[in-house]
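For reference, the structure discussed in these notes is given below.
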Amino acid sequence: MGKSIEPTTCINLGERSYPIYVSPGLLNELGSIIQESISNITSCVVVTSAVIDKLYGKNFNNSLSDLEPFIIEVPDGEEAKTWDNLSRLIDEFLHLGLDRKSVVIAIGGGTIGDLVGFAGSIYMRGIRVVQVPTTILGQADSSIGGKTAVNHMKAKNLVGSFYQPSLVISDTQILRSLPRREIRSGLAEIVKHGVISSLELFNNIQKNSAKLLDTDINILTKVISHSVEIKASYIEQDEKEKTGIRSLLNYGHTVGHAIETHSDGEINHGEAISIGMTVAGMISQDISLFKETDLERQTKVLNELGLKTGTSEICIDELIKIMRKDKKTESGELRFILPTGIGVKPIQKKVDESLIIKKLGENY
Ligand SMILES: NC(=O)c1ccc[n+]([C@@H]2O[C@H](COP(=O)([O-])OP(=O)(O)OC[C@H]3O[C@@H](n4cnc5c(N)ncnc54)[C@H](O)[C@@H]3O)[C@@H](O)[C@H]2O)c1
Ligand SMILES: [Zn+2]
């Protein structure tokens, strides 16, 4: 049982390399995969939320029984990513006597993954972290690449670290219990990967949008695996976002993050990124880098997935103020990732505020 399941891919980062597993049913194989991949485990802790524990606690407790994990519950959603929760987690790690050979397993959405990854990166200067993402966004995007963070009152993800997990295990079967809204949100990041890297992935999403929204596990496993491979290749080329290659994954995020911050939880990550990609696409089209037909295709897919692409009801002045404070801003200049085609590498470019304001205004 559970013997030699093959990873979907391995991310190659020298001594920080790790395997990524994407397949239905893996929650029941957690214990064996972890023990096969990670040696000398002294103790193990699972950090999860009440929602996930209720839905899947039995499964992961069973499959991890050999490791006798402690369970810590944290709040769910964006509220998880606070200083308070971070500090509480560190207290609990200490209280449970975790040492440098302990393993902490994050089972939950991207928010729990980001929080636990950060806690794991600073506790005793870093202990091993296993990511078990339970949302599409987590599996296709946030669990890979080692960006961890908590939020600051005034800016999302302001305090964090680059810290690679030791292992990522994504059970696509558990996506079936995701609320519709979370399905859409996660699919936005997969569309992003298609636009910036793969026409094949983009076409696959377009062809199967109804099945994806219906959580067809077969198709979901395919597009998530493809997404993971795309993200892994960007990370391998620029692990710490130094050369500008990894930054291309921020397509849609300049405006997206501002919308997410400004909405104060009303608009979630993927929903904001959908609008952000549209505005970036419009800017790119305005300066003749992106064809109108490609922009229309992108908008059509996002809308077919039930994602909004318009900025109505959003205060433009406020957004600009938030963008100026963003990590992606360099010496006051607003930089955008601009698409150059569907499935084609985008470019990073400084964009005049007046053009951003114009496009935000046009995008109703
Ligand atoms: N680190 C990175 O590289 C990176 C990349 C992209 C996004 N992110 C971060 O990810 C976060 C968003 O993550 P998310 O979209 O996964 O949201 P989330 O973690 O808030 O989860 C969304 C909701 O889904 C519920 N849920 C999770 N799994 C479920 C399941 N299997 N069945 C039923 N309900 C389930 C949760 O209870 C929660 O209410 C943001 O904070 C964003 O900044 C990080
Ligand atoms: Zn994102």
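Worth knowing before you read on, the calculation uses all heavy atoms, side chains too, and leaves out hydrogens, waters and symmetry mates. Worth saying up front: this structure is predicted, and the values here are computed from it rather than measured.
In terms of heavy-atom proximity, Q131 sits nearest to A106 at OE1-CB, 3.6 Å. Between E266 and E271, the closest heavy-atom pair is O-OE1, 4.1 Å. The minimum heavy-atom distance linking P19 with S166 is given by the pair CD-O, 3.8 Å. Heavy atoms only, all atoms of each residue included: N218 and D216 are closest at N-OD1, 3.0 Å.
We find that K300 and E296 are not joined by a salt bridge, their nearest charged nitrogen and carboxylate oxygen being 4.0 Å or further apart. Classification of E189 and K231 as a salt-bridged pair fails, no side-chain N sitting under 4.0 Å from a carboxylate O.
Side-chain atoms of Y163 come within 3.5 Å of backbone N or O of I127 as a donor-acceptor pair. Judged purely by atom type and a 3.5 angstrom limit, Y56 has no side-chain atom pairing as donor or acceptor with the backbone of T134. T9 places no side-chain N or O within donor-acceptor distance of the main-chain N or O of I20, the cut-off being under 3.5 Å. The backbone N or O of E182 sits nowhere less than 3.5 Å from a side-chain atom of S185 that would complete a donor-acceptor pair. Using a distance-only test at 3.5 Å, with no hydrogens or angles considered, no donor-acceptor pair links the side chain of S197 to the main chain of G194. Counting only distance, with no hydrogens or angles, the side chain of Q348 and the backbone of L248 share no donor-acceptor pair below 3.5 Å. Distance alone, capped at 3.5 Å, is enough to place a donor-acceptor pair between the R128 side chain and the K101 backbone. Remark: side-chain polar atoms of N151 are paired, donor with acceptor, to backbone N or O of N157 under 3.5 angstrom. Looking at N303, its side chain does come within 3.5 Å of a backbone N or O of L307 through a donor-acceptor pair. Between the side chain of T340 and the backbone N or O of K345, at least one donor-acceptor pair lies under 3.5 Å.
For D91, the CG atom counts as densely surrounded, since its 6.0 Å shell holds more than 12 non-hydrogen atoms of other residues, nucleotides or ligands. In the displayed structure, E73 atom CD is contacted under 6.0 Å by more than 12 heavy atoms of other residues, nucleotides or ligands. Within 6.0 Å of CD in Q35 there are more than 12 heavy atoms belonging to other residues, nucleotides or ligands. Around CD of E79, the count of heavy atoms belonging to other residues, nucleotides or ligands within 6.0 Å does not exceed 12.
With a 4.5 Å cut-off on side-chain heavy atoms, F336 and I356 count as touching. In this structure the side chain of V45 reaches within 4.5 angstrom of the side chain of V104, judged on heavy atoms. Within the 4.5 Å cutoff, no side-chain heavy atoms of F118 are placed close to those of V129. Q139 has its side chain out of reach of L220: every pair of non-hydrogen atoms, C-beta onward, lies at least 4.5 Å apart. T254 places none of its side-chain heavy atoms less than 4.5 Å from the side chain of V351. Between V103 and L67 the shortest side-chain heavy-atom distance does not fall below 4.5 Å.
Separating the CZ atom in F93 from the CZ atom in R88 is a distance of 10.5 Å, to the nearest 0.5 Å. How far CG of L201 is from CD1 of I205: 4.0 Å, rounded to the nearest 0.5 Å. Q285 contributes atom CD, which lies 12.0 Å from atom NZ of K291 (distance to the nearest 0.5 angstrom). Distance check: I196 CD1 to F202 CZ gives 13.0 Å after rounding to the nearest 0.5 Å. Residue L319 holds its CG atom at 13.5 Å from NE2 of H257, rounded to the nearest 0.5 Å. With rounding to the nearest 0.5 Å, the separation of CG in D238 from OG in S247 is 6.0 Å.
Looking at L26, L27, I107 one by one, the single match for side-chain contact (heavy atoms from CB on, under 4.5 Å) with N59 turns out to be L27.
For S102 and D99, the side-chain atoms include at least one donor-acceptor pair closer than 3.5 Å. Side-chain contact, S121 with S161: a donor N or O sits under 3.5 Å from an acceptor N or O.
Hydrophobic clustering, with ILVMFWY side chains joined whenever heavy atoms are under 4.5 angstrom apart, keeps I169 apart from V223. Residues L302 and L338 fall into different hydrophobic clusters, defined by Ile, Leu, Val, Met, Phe, Trp and Tyr side chains chained together at heavy-atom separations under 4.5 Å. Residues V279 and I347 share a hydrophobic cluster, clusters being chains of Ile/Leu/Val/Met/Phe/Trp/Tyr side chains in contact below 4.5 Å. Linking ILVMFWY side-chain heavy atoms closer than 4.5 Å, directly or via other members, places L360 and I273 in two distinct hydrophobic clusters. In the hydrophobic clustering of this structure, L30 does not group with V22; members are Ile, Leu, Val, Met, Phe, Trp, Tyr whose side-chain heavy atoms approach within less than 4.5 Å, directly or through other members.
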Checklist entry - Taking it one step at a time, do K192 and D141 satisfy side-chain contact (heavy atoms from CB on, under 4.5 Å)? => result CA-CA 10 Å; K192 177 195 81 179; D141 188 349; 3.4 Å; yes

Item to check | Derivation and outcome, salt bridge (Lys or Arg N to Asp or Glu O under 4.0 Å), residues D214 and R180 | outcome: CA-CA 8 Å; D214 247 5; R180 227 344 137 92; 3.5 Å; yes

